Amino acid sequence: MDRYLVFGHPVRHSKSPFIHTLFARQTQQELEYGLAEPAIDEFAQALRTFFDQGGKGCNVTVPFKEQAFTLVDRLSPRAKRAGAVNTIKLTDDGVLLGDNTDGAGLVADLKSHGVTLGDSRILLLGAGGAARGALAPLLAELPSELVIANRTHTKAQQLAAEFHDLGPVTAQTYEQLAGPFDLVINSTSASLQGELPSLAPALIHTDIAIYDMMYGASDTAFISWAKQHGARQTMDGLGMLVEQAAEAFTVWRGIRPGTKQVLRELKRNLGVI
């Protein structure tokens with residue numbers, strides 16, 4: 001049976017095995033999907049061993065995405081742009097292909113919620129790996145402007161300069177931000193610590209869409225804060241998790257699984273519904 005897994009540290013909390021098992025059942029694909037949590041300095045060896053022992057593909061999560069970028073034989077265009085790899089496939093000719101499905105997953109989830117991206121003004125909070133993966137797919141939707149704000153302003157400037165050829169992307173400090181924005185995406189990990197980005201409450205209005213890439217059984221700190229200041233449409237990253245997984249499954253198996261029922265099952269598993 002074909003073997004897949006997710007590499008991360010820590011990774012025991014991952015819902016990827018749950019998601020991909022449902023995808024396999026839905027599409028009648030025979031595969032098994034597990035977890036691997038190598039030590040930080042043992043990822044490269046663990047990755048080689050997995051494929052040497054017959055592994056067909058894997059997902060890669062924190063903190064190994066940038067390292068995976070350097071370990072594959074070939075990169076997809078979106079992985080090159082993102083500078084990080086979250087999906088690896090062993091091709092029929094024995095090549096390790098690195099891909100990045102995070103941005104595609106984000107855009108698919110936003111669209112599933114009815115969020116209009118074309119001609120919209122988007123604020124992206126954070127300038128780390130999650131932001132990098134999101135930028136090209138977001139800019140491909142032709143927003144009127146995409147503004148990056150980050151605690152370290154120079155990182156936001158560097159990211160904006162790198163992606164400027166793809167569309168109207170700029171960097172601003174939190175103090176410089178002026179609305180209105182149609183969509184705010186929090187790509188920082190602040191919600192994991194129950195913390196908030198330094199965003200002024202005045203930027204929140206009733207028609208804004210708020211998206212936090214983090215997720216949990218209850219509202220993240222950022223979503224709770226946005227609701228308190230009048231945001232009516234708020235979304236967490238659970239749908240993005242399922243959508244990027246569906247994209248990875250398609251890369252591996254050549255068949256696109258449906259996501260709506262799997263997302264419902266995942267929410268039930270987490271106690272969200």
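This structure is a prediction, so every number in the text was calculated from the model and none was measured.
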- Item | Under-4.0 Å salt bridge between Arg132 and Glu66 | no
- Item | Sole candidate of Asn59, Asp2, Thr21 that passes side-chain hydrogen bond (donor to acceptor under 3.5 Å, both in side chains) when paired with Tyr33 | Asn59
- Will you find, in the side chains of Gln158 and Glu162, an N or O donor that is under 3.5 Å from an N or O acceptor? no
- Query: For the hydrophobic clusters of this structure (ILVMFWY residues joined by side-chain heavy atoms under 4.5 Å, transitively), does one cluster hold both Phe7 and Trp252?
  - Reply: no
- Message: Please tell me whether Val85 and Tyr4 are part of a single hydrophobic cluster in this structure, the criterion being side-chain heavy atoms less than 4.5 Å apart.
- Response: no
- Using modelled atom types only, decide if a donor and an acceptor are shared between the side chain of Gln53 and the backbone of Phe50 within a distance under 3.5 Å. no
- Message: Do the side chains of Asp99 and Lys80 get close enough for a salt bridge, i.e. N-O under 4.0 angstrom?
- Response: no
- Leu5-Leu71 co-clustered via ILVMFWY side chain contacts under 4.5 Å: yes
- Query: For the residue pair Phe64 and Phe43, does the interplanar ring angle fall in the parallel (under 30°), tilted (30 to 60°) or perpendicular (over 60°) class?
  - Reply: parallel
- Query: Quick one: hydrophobic cluster around Leu177, which other residues, with the 4.5 Å side-chain cut-off, linked directly or via members?
  - Reply: Leu123, Leu125, Val147, Tyr174, Phe181, Val184, Leu196, Leu199, Leu203, Ile204, Ile208, Ile210, Phe222, Trp225
- Query: Tyr211 and Asp236: side-chain donor and acceptor closer than 3.5 Å?
  - Reply: no
- Is there a path of hydrophobic side-chain contacts, each under 4.5 Å between heavy atoms of I, L, V, M, F, W or Y residues, that connects Ile148 with Ile185? yes
- Message: I'd like to know whether Lys111 forms a salt bridge (Lys or Arg N to Asp or Glu O under 4.0 Å) with Glu243, so could you lay out the CA-CA distance, the side-chain angles of the two residues, the decisive distance to 0.1 Å, and finally the verdict.
- Response: CA-CA 11 Å; Lys111 288 182 175 181; Glu243 293 291 349; over 6 Å; no
- CG of Asn86 to CD of Gln244, rounded to nearest 0.5 Å, is 5.5 Å
